Asks: 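Structure below; questions to follow.
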Amino acid sequence: MSSARHVAIIMDGNGRWARQRALPRAVGHQRGVEAVRNLVRNIEPMGIDCLTLYAFSSENWKRPDDEVDDLMNLMRKFIRSDLPEFIANGVRLKIIGDWQSLASDIVQMLEDALAQTAGGNRTLAVALNYGSQQEIARAAAKAAAIGEVNEKTIAAHLDTNDLPPLDLLIRTSGEVRLSNFLLWQAAYAEMLFVETLWPDFTPAHLQAALDQFAQRERRYGGR
Ligand code: IPE
Ligand code: IPE
Ligand code: MG
């Protein structure tokens with residue numbers, strides 16, 4: 001029995017949540033942000049050191065322009081409104097993925113947020129314009145540049161190099177796939193696929209996931 005230090009979540013199902021209520025997809029995404037806020041407020045008592053959230057994939061650019069705009073605007077709003085709370089609560093923000101190529105105002109806003117939260121003692125890692133295959137390719141290229149390509153040097157150059165090992169990977173909405181998220185880091189993570197749509201996911205759902213995790217026997221290939 002052990003507790004999960006690093007939990008990652010593929011936050012899926014905002015669109016279906018909205019469709020079930022005949023609401024615009026944008027409302028589903030807004031409610032998704034509220035679910036994030038509510039969760040981040042509750043990770044400390046759950047003993048989680050790092051929560052990594054998949055917010056926008058490198059493949060999500062394939063969506064219609066207005067949906068991409070909605071998601072980017074929600075990101076702007078979220079950072080603006082929640083940054084003071086992160087600072088006050090010791091939440092260190094971290095961004096993984098190719099976020100530097102996002103719109104320049106977002107990049108600026110994120111750089112400020114990273115600097116202002118650097119002293120936090122728990123990490124909220126947000127995957128933005130993130131693709132795991134691209135991340136591994138970037139890390140492998142850096143490892144090659146130093147002339148030593150092996151699992152240690154690749155891991156040392158991943159965007160997640162300063163995060164604890166991934167313990168638990170959760171995907172909401174009933175889809176059972178990784179969609180290019182943390183492929184390397186999930187090598188020995190426990191996985192949990194739940195039916196709950198992301199806007200309905202509460203701290204109680206996360207606690208239930210942690211309880212299931214605590215029952216798992218991790219072997220790492222040993223016996
Ligand atoms: C997850 O919800 C949010 C993002 C991928 C940004 P979706 O928008 O994928 O919702 P579904 O899968 O269509 O229900
Ligand atoms: C994965 O969800 C990406 C995020 C949650 C940000 P998608 O909804 O984009 O994944 P697919 O397309 O169903 O695989
Ligand atoms: Mg989806």
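Along the sequence shown, the residues carry numbers beginning at 1. As the structure lists them, so they are numbered: ligands from 1, and atoms in each ligand from 1. Just so we're clear, the structure is a prediction, and the values are computed from it rather than from any experiment.
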Asks: Can you tell me the N, O or S atom of Asp12 that's nearest the Mg ion (ligand 3)?
Replies: OD1
Asks: With no hydrogens and no angle check, just 3.5 Å: does a side-chain donor-acceptor pair link Gln185 and Glu135?
Replies: yes
Asks: Do you know the tightest heavy-atom contact between Leu166 and Ala8?
Replies: CD1-CB, 3.6 Å
Asks: Does Phe56 approach ligand 2 within less than 4.0 angstrom via side chain, backbone, both or neither, non-hydrogen atoms only?
Replies: backbone
Asks: Find out whether Met109 and Met75 are in side-chain contact, i.e. whether some heavy atom of one side chain is under 4.5 Å from a heavy atom of the other.
Replies: no
Asks: Is the distance from the Mg ion (ligand 3) to the nearest N/O/S atom of Glu175 under 2.8 Å?
Replies: no
Asks: Could you find the nearest protein heavy atom to atom 10 (O) of ligand 1 and give me its residue, atom name and distance?
Replies: Gly15 N, 2.9 Å
Asks: Nearest protein heavy-atom contact for atom 3 (C) of ligand 1: which residue, which atom, what distance?
Replies: Asn14 ND2, 3.5 Å
Asks: Within 45° of the ring axis of Trp17 and under 6.0 Å from its six-membered ring centre, is that where the NZ or CZ of Arg21 lies?
Replies: yes
Asks: Do Ile10 and Ile170 come close enough that some side-chain heavy atom pair is under 4.5 Å?
Replies: no
Asks: For atom 2 (O) of ligand 2, what's the nearest protein heavy-atom neighbour? Residue, atom name and distance, please.
Replies: Arg171 NH2, 3.6 Å
Asks: Ring centres of Tyr130 and Trp99 under 6.0 Å apart?
Replies: no
Asks: Give the contacting part of Ala127 toward ligand 2: side chain, backbone, both or neither, where contact means a heavy-atom distance below 4.0 Å.
Replies: neither
Asks: Gly13 near ligand 1, heavy-atom distance under 4.0 Å?
Replies: yes
Asks: Is there a heavy atom of Arg16 sitting under 4.0 angstrom from any atom of ligand 2?
Replies: no
Asks: What atoms of ligand 1 come within less than 4.0 Å of a heavy atom belonging to His29?
Replies: 3 (C), 8 (O)
Asks: If the threshold is 4.0 Å, N to carboxylate O, is there a salt bridge linking Asp70 and Arg25?
Replies: no
Asks: What is the closest protein heavy atom to atom 9 (O) of ligand 2, and at what distance does it sit?
Replies: Asn60 ND2, 2.9 Å
Asks: Is it the case that ligand 2 has an N or O less than 3.5 angstrom from some N or O of Asp12?
Replies: yes
Asks: Regarding Glu85 and Arg41, does a basic nitrogen lie under 4.0 Å from an acidic carboxylate oxygen?
Replies: yes
Asks: Report the nearest protein non-hydrogen atom to atom 7 (P) of ligand 2: residue, atom name, distance rounded to 0.1 Å.
Replies: Arg63 NH2, 3.7 Å
Asks: If you have a sec, work out which protein heavy atom is nearest atom 6 (C) of ligand 1 and how many Å separate them, to one decimal?
Replies: Ala55 O, 3.4 Å
Asks: What do you reckon, is CD of Glu59 surrounded by more than 12 foreign heavy atoms closer than 6.0 Å?
Replies: yes
Asks: Between Leu74 and Phe201, is there shared hydrophobic-cluster membership here, with clusters defined by ILVMFWY side-chain heavy atoms closer than 4.5 Å?
Replies: yes
Asks: Please write down residue, atom name and distance for the protein heavy atom closest to atom 13 (O) of ligand 2.
Replies: Arg177 NH2, 2.8 Å
Asks: In plain terms, say whether Asp200 and Arg31 are close enough for a salt bridge, that is, a side-chain N and a carboxylate O under 4.0 Å apart.
Replies: no
Asks: Taking 4.0 Å as the limit for heavy-atom contacts, which would you say applies to Arg25 with ligand 1: side chain only, backbone only, both, or neither?
Replies: side chain
Asks: What protein heavy atom sits nearest atom 14 (O) of ligand 2, and how far off is it?
Replies: Ser179 OG, 2.6 Å
Asks: Please list the nearest protein heavy atom to atom 5 (C) of ligand 2 with its residue and the distance rounded to 0.1 Å.
Replies: Met11 O, 3.3 Å
